[in-house]
Amino acid sequence: MQGELSPIDRAKFAAAKRSCAFVESGMRVGLGTGSTAAWMVRGLGERVREEGLKIRGVPTSSRTAALAREMGIEVVTLDEARWLDVTIDGADEFDADLNLIKGGGGAHLQEKIVATASDQMIVIADPAKEVAHLGAFPLPLEVIPFGLNATRALVEEALESLDVFGRETVLRMDGDTPFVTDEGNHVLDLHLKRIGNPRQLSLVVNQIPGVVENGLFIDICDVVVIGEGDGRVEVRDINAGTITHDRVEIPENDNLFSDI
Ligand code: 5RP
């Protein structure tokens, strides 16, 4: 990675850095996917190397697994870990109830399995991810390649009766070919603009046989850590009902990139 960090990247760094303080030796930690989660993996790697922090990490994607190994974190499968103390991951949107849209990176299936097998899920985000209503970010659906067009037609039919503002479905591409997830599936991005009832929508689309999982995380996230570009951090704990403020130091770019 090269170059100047944008204010958003600095905000992501601040949130990720603060989230590393939730992790203690002996913990089994779910490691999220995306640019914010990558800063968290680097931060935990730094603690492993410099403080001797002993953790086992369960990555939520092949990309995160490679980065975690590179950073010196012991990587195990979810079945080896059995249950996790905490999962730390990014999000594409979060609302006041800490319900989320995830899957912008196409990893929401593993991310949801890992987060729901954890005592606690912590989301790390920049302020732009906070929304009054979920749905401006396209909702990813992981779908099986077999019968893709039939599945897509059933999804579009289901959307007709759901409380959403938009109903366009877009097959995610990777260049000229459909994007393929770590599980060998494709992703349909639903451009819904605003989701009136996320819980209902999640249940309805998951009933369609070709749909493996959607990117709505309802009642899964416990804590959100929101970073600002100047190093200020807000930590909201939905269960404790607390909001605390903190500050993390953002090193100069040269130091930030030194271990990457
Ligand atoms: C990947 C995800 C990511 O957490 C989400 O897309 C946020 O990514 P970033 O931290 O790069 O903004 O859900 O599937």
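Here the structure is a predicted model, which is why all the values come from computation and not from measurement. Indexing begins at 1, ligand by ligand and atom by atom, following the structure's order.
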task = Tell me yes or no: between the side chains of Glu213 and Asn206, is some donor less than 3.5 Å from an acceptor?
result =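 Yes, a side-chain donor-acceptor pair sits under 3.5 Å.
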ask   = For Ala91, is the nearest heavy atom under 4.0 Å from an atom of ligand 1?
value =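 It does, in that a heavy atom of Ala91 comes within the 4.0 Å cut-off of ligand 1.
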So, taking the atom named [atom1] in [X] and the one named [atom2] in [Y], what distance separates them when rounded to the nearest 0.5 Å?
{"X": "Arg47", "Y": "Arg49", "atom1": "CZ", "atom2": "CZ", "value": "12.5 Å"}
{"X": "His133", "Y": "Glu93", "atom1": "NE2", "atom2": "CD", "value": "11.0 Å"}
{"X": "Leu98", "Y": "Ile122", "atom1": "CG", "atom2": "CD1", "value": "11.5 Å"}
{"X": "Cys221", "Y": "Lys102", "atom1": "SG", "atom2": "NZ", "value": "9.5 Å"}

Side-chain contact, heavy-atom cut-off 4.5 Å: [X] with [Y]?
{"X": "Leu216", "Y": "Ile195", "value": "yes"}
{"X": "Phe94", "Y": "Ile226", "value": "yes"}
{"X": "Asn99", "Y": "Asp219", "value": "yes"}

query = Thinking salt bridges, do Arg152 and Glu156 make one under a 4.0 Å N-O criterion?
reply =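 Between Glu156 and Arg152 there is a salt bridge, with a charged N closer than 4.0 Å to a carboxylate O.
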Against heavy atoms of [X], which atoms of ligand 1 measure under 4.0 Å?
{"X": "Gly104", "value": "6 (O), 13 (O), 14 (O)"}
{"X": "Gly103", "value": "2 (C), 13 (O), 14 (O)"}
{"X": "Lys12", "value": "9 (P), 11 (O), 12 (O)"}
{"X": "Glu111", "value": "1 (C), 2 (C), 13 (O), 14 (O)"}
{"X": "Gly106", "value": "14 (O)"}
{"X": "Gly34", "value": "11 (O)"}
{"X": "Gly90", "value": "4 (O)"}

Please state which protein non-hydrogen atom is closest to [atom] and give its distance, to 0.1 Å?
{"atom": "atom 11 (O) of ligand 1", "value": "Ser35 OG, 2.5 Å"}
{"atom": "atom 10 (O) of ligand 1", "value": "Thr36 OG1, 2.5 Å"}
{"atom": "atom 12 (O) of ligand 1", "value": "Lys129 NZ, 2.8 Å"}
{"atom": "atom 3 (C) of ligand 1", "value": "Thr33 O, 3.2 Å"}
{"atom": "atom 6 (O) of ligand 1", "value": "Asp92 OD1, 2.6 Å"}

key: Mode of Ala125 contact toward ligand 1 - side chain, backbone, both, neither (heavy atoms, under 4.0 Å)   =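 It is neither part, as no heavy atom is under 4.0 Å.
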ask   = Taking heavy atoms and a distance under 4.0 Å, where does Asp89 meet ligand 1: side chain, backbone, both or neither?
value =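 For Asp89, only side-chain atoms sit under 4.0 Å from ligand 1.
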message = What I want to know is whether Ala107 and ligand 1 share at least one N or O pair that is separated by under 3.5 angstrom.
response =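 Indeed, backbone or side chain, Ala107 has an N or O that close.
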request  = Determine yes or no for a side-chain-to-main-chain donor-acceptor pair under 3.5 angstrom, with Arg10 supplying the side chain and Gly227 the backbone.
outcome  =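 The answer is no, because no donor-acceptor pair under 3.5 Å joins these two groups.
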